There are 2 protein chains.
Amino acid sequence: MTRTRPEPAGPVTLKQVADHAGVSISTASNALTGSRSVSPASVQRVLQSAAALGYRRNEVARTLRTGLRNTVGVIVPDVTNPFWGGMIRTIERQAALAGFHVALTNTEFDATRETSALAGLVSRVDGIVLFSTRPTAATLQPLLDMGIPIVACDEVIDVPGLGGVYSDNVDGARTAAHHLVDSGGTVFGMLEGPEALSTASARRQGFREGLRDAGVPESAVHSVKAEYSFEGGREGIRRLLAAHPDVDAVFASTDNQAIGAMLEVLNAGRAVPDDLLVCGFDDISWSARLSPPLTTVRQDAEGMATAAIGMLLEMVTTGAAPRTEVFPVSLVTRESTQRTLAPSPVTIT
Amino acid sequence: MTRTRPEPAGPVTLKQVADHAGVSISTASNALTGSRSVSPASVQRVLQSAAALGYRRNEVARTLRTGLRNTVGVIVPDVTNPFWGGMIRTIERQAALAGFHVALTNTEFDATRETSALAGLVSRVDGIVLFSTRPTAATLQPLLDMGIPIVACDEVIDVPGLGGVYSDNVDGARTAAHHLVDSGGTVFGMLEGPEALSTASARRQGFREGLRDAGVPESAVHSVKAEYSFEGGREGIRRLLAAHPDVDAVFASTDNQAIGAMLEVLNAGRAVPDDLLVCGFDDISWSARLSPPLTTVRQDAEGMATAAIGMLLEMVTTGAAPRTEVFPVSLVTRESTQRTLAPSPVTIT
DNA sequence: TTGAAAGCGCTAACAT
DNA sequence: ATGTTAGCGCTTTCAA
């Protein structure tokens with residue numbers, strides 16, 4: 001004797017509203033959607049009936065008929081990362097303003113989940129904002145063929161037909177390199193991200209270039225691979241310093257990494273910035289709240305998110321062609337790279 | 001001359017698959033869903049045709065027919081808060097495992113957005129997990145009437161028919177009070193949350209009770225209202241200390257508040273914990289990463305999220321009755337409340 | 001084991 | 001200005 005849900009009392013349909021108002025179903029439909037002219041009297045009656053019966057349009061039926069799903073898919077690797085969290089917030093806000101819902105998938109950096117999410121979103125969404133790891137062209141093509149626009153954000157996806165909104169990662173990393181040199185670094189370390197990520201390789205490339213431009217010899221640059229996470233940073237800096245204890249300036253590919261690294265170093269009794277300069281990338285809100293506050297390359301997350309959802313909605317509603325936008329980044333200088341020039345004399349406050 | 005999207009080349013329908021396989025549309029349907037027996041030969045042919053044509057089932061049409069939407073709605077106040085972010089991650093993972101999608105709405109603590117989100121989710125989702133501010137019974141009732149199960153999580157929503165998953169907030173706050181007393185606090189301050197939130201009033205009540213039990217006089221307890229955010233904490237502690245400079249122990253209703261308060265105090269040149277003991281509530285990951293690390297009341301966010309989505313899916317799929325589950329919380333003692341008993345003598349490392 | 005056909009609730013021709 | 005009706009793509013009776 002399984003308990004079943006309360007009395008079905010099925011949802012009110014448009015037909016019921018029409019009957020109640022004493023008009024035809026199409027007049028009822030038009031009164032509610034306003035797609036063709038209806039006499040004020042009818043509109044009035046239909047609206048009243050709808051309210052009286054508690055009518056709610058069945059969006060699924062509407063979608064089946066019109067093909068408009070009024071939903072955008074958002075695929076991210078990790079909602080808990082404030083960098084992506086903030087972008088989701090922006091996207092959700094803009095989407096809601098335009099009357100769109102957001103279907104969220106968290107891939108946890110798992111390509112399998114990403115692929116199946118993409119597949120599942122077909123026929124459910126009008127378009128997709130993809131913060132991706134590395135989808136294959138084969139995964140994306142079916143969606144594009146079905147006319148579902150996709151905008152890649154943050155990670156470059158090199159598939160024709162996609163919109164793209166990216167940061168100028170190479171430039172940011174180059175700036176970071178110059179800054180570390182200017183701040184007194186002599187032996188450099190980098191926490192690189194996973195091989196496959198475009199941001200990781202761009203930041204590595206920019207950092208290397210920046211150091212080379214500044215005349216730093218290859219022999220004074222060391223790097224290790226690390227995950228884009230707090231734990232990745234902790235564990236990465238351990239490996240880096242174990243192999244190269246003379247490193248005195250480190251550039252991490254993300255703030256999460258940088259923060260993990262900085263706290264690990266502080267715990268081990270070394271001083272930041274006096275023993276080790278630390279610079280991150282992203283400028284998540286927590287970076288300014290640590291002691292010492294973290295110098296980092298700021299990405300315009302809100303601007304990028306706004307651009308991505310804006311471009312997508314444009315593609316969805318007006319059939320606009322995909323574009324690629326690259327956002328400038330900027331160095332935010334804080335104490336983690338402000339070395340006190342000379343060992344300060346004993347001071348009494 | 002507006003460019004329009006690439007050739008429609010409409011999606012492959014079941015009928016096309018059936019024709020290609022030389023079977024009827026119903027056989028094709030059954031071959032793909034397995035809802036009635038089909039000869040192996042037919043199954044084989046249908047599967048091949050589907051693969052050859054790149055068939056993807058239209059979920060919208062299926063939903064219209066079956067009433068199964070395979071989607072759960074999740075409504076949160078703020079995705080960027082790691083407390084909710086983590087719960088979203090858990091919910092999304094469990095939902096995906098069960099073949100459900102997640103429709104996310106971020107209300108930014110705006111009751112209007114919450115109401116319209118709720119309205120928009122009818123006919124799109126099978127059930128809703130609600131991390132809410134304060135929806136009225138009138139907002140929720142229509143959904144319940146339509147047989148859409150709702151599980152409230154975190155904030156208590158006192159509407160009959162809802163499932164509920166909550167922390168034992170009163171107990172947690174009481175424990176925090178005892179701990180602050182035991183740690184040497186003598187004049188107490190509390191950063192309370194917004195009036196309307198059930199967690200805020202429960203934590204205030206528990207804190208007051210705890211202090212009373214410990215024999216602290218009312219005159220040694222002061223409180224201010226503050227938003228549940230980093231900025232709320234900063235600004236709250238300023239007001240608190242301006243009015244009551246003798247406060248030497250503070251309990252914040254959330255970690256975000258506590259962290260904002262602690263950094264504000266440190267910036268102002270006061271020491272934590274030696275001048276001021278600080279205790280938070282939640283145990284977000286950043287709390288352990290600050291210096292000093294933050295003592296806090298830990299909520300089992302992952303357990304709660306798992307329970308909430310589990311209960312919802314059960315209600316959706318088996319029509320199970322709603323329940324209320326209360327999760328225990330636990331004090332996590334860290335340095336922000338570990339006062340060095342005597343001023344330490346000068347030490348040289 | 002299979003096919004034909006009804007119909008989920010809605011919108012958009014096509015009639016008046 | 002309004003009514004009638006076809007049909008979106010699918011699942012599921014009902015017949016064979």
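Because the structure is a prediction, the values reported are computed rather than measured. Sequence lines set the chain letters: A, B, ... in the order given, protein chains first and strands last, and positions in each chain run from 1.
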*Anything under 4.0 Å to a heavy atom of chain A counts; send over the first and last such nucleotide of DNA chain D, read 5' to 3'.*
D:dA1 to D:dG9
*asked:* Heavy atoms within less than 4.0 Å of DNA chain D: which residues of residues 55-63 of chain B have one? Give them sorted by number.
replied: B:Y55, B:R57, B:N58, B:A61, B:R62
_So A:T27, base contact, sugar-phosphate only, or nothing? Heavy-atom distance under 4.0 Å._
sugar-phosphate
*Specify the residue among A:S37 and B:S35 whose closest nucleotide of DNA chain D lies further upstream toward the 5′ end.*
A:S37
_Pairwise distance CG(B:L121) to CG(B:D126) - rounded to 0.5 angstrom_ = 11.0 Å
*Audit row: A:M87, A:V165, side chain to side chain contact (heavy atoms under 4.5 Å, CB included) steps and yes/no*: CA-CA 12 Å; A:M87 295 184 106; A:V165 176; over 6 Å; no
*asked:* Judged by each residue's nearest nucleotide on DNA chain C, which is more toward the 5′ side, B:S26 or B:T66?
replied: B:S26
*DNA chain C: B:P40 or B:L64, which has the more 5' nearest nucleotide?*
B:P40
*Residue pair B:I309, B:F100: steps toward the side chain to side chain contact (heavy atoms under 4.5 Å, CB included) verdict*: CA-CA 11 Å; B:I309 184 67; B:F100 279 71; over 6 Å; no
*How is A:T13 classified with respect to the nucleic acid when contacts are heavy atoms under 4.0 Å: base, sugar-phosphate, or nothing?*
sugar-phosphate
*More than 12 non-hydrogen atoms from neighbouring residues, nucleotides or ligands closer than 6.0 Å to CD on B:E302, yes or no?*
no
_Working note: A:I150 + A:I157, criterion side chain to side chain contact (heavy atoms under 4.5 Å, CB included); need CA distance, chi angles, decisive distance, verdict._
CA-CA 10 Å; A:I150 301 175; A:I157 299 179; over 6 Å; no
_I'd like the 5' and 3' limits of the part of DNA chain C contacted by chain B, with heavy-atom contacts below 4.0 Å._
C:dT1 to C:dG9
_For a 4.5 angstrom cut-off between non-hydrogen side-chain atoms, does B:V102 reach B:V72?_
yes
*Are A:Y166 and A:S198 close enough that a side-chain donor and a side-chain acceptor fall under 3.5 Å?*
no
*Are side-chain N/O atoms of A:T139 and A:T136 paired as donor and acceptor at under 3.5 Å?*
yes
*For the student: nearest non-hydrogen atoms of A:A31 and A:L47, plus distance*: O-CD1, 4.4 Å
_Test log, rule side chain to side chain contact (heavy atoms under 4.5 Å, CB included), inputs A:L64 and A:V60_ = CA-CA 6 Å; A:L64 181 60; A:V60 173; 5.7 Å; no
*Determine whether B:V151 and B:M315 make a side-chain contact, defined as any pair of heavy atoms from C-beta on separated by less than 4.5 Å.*
yes
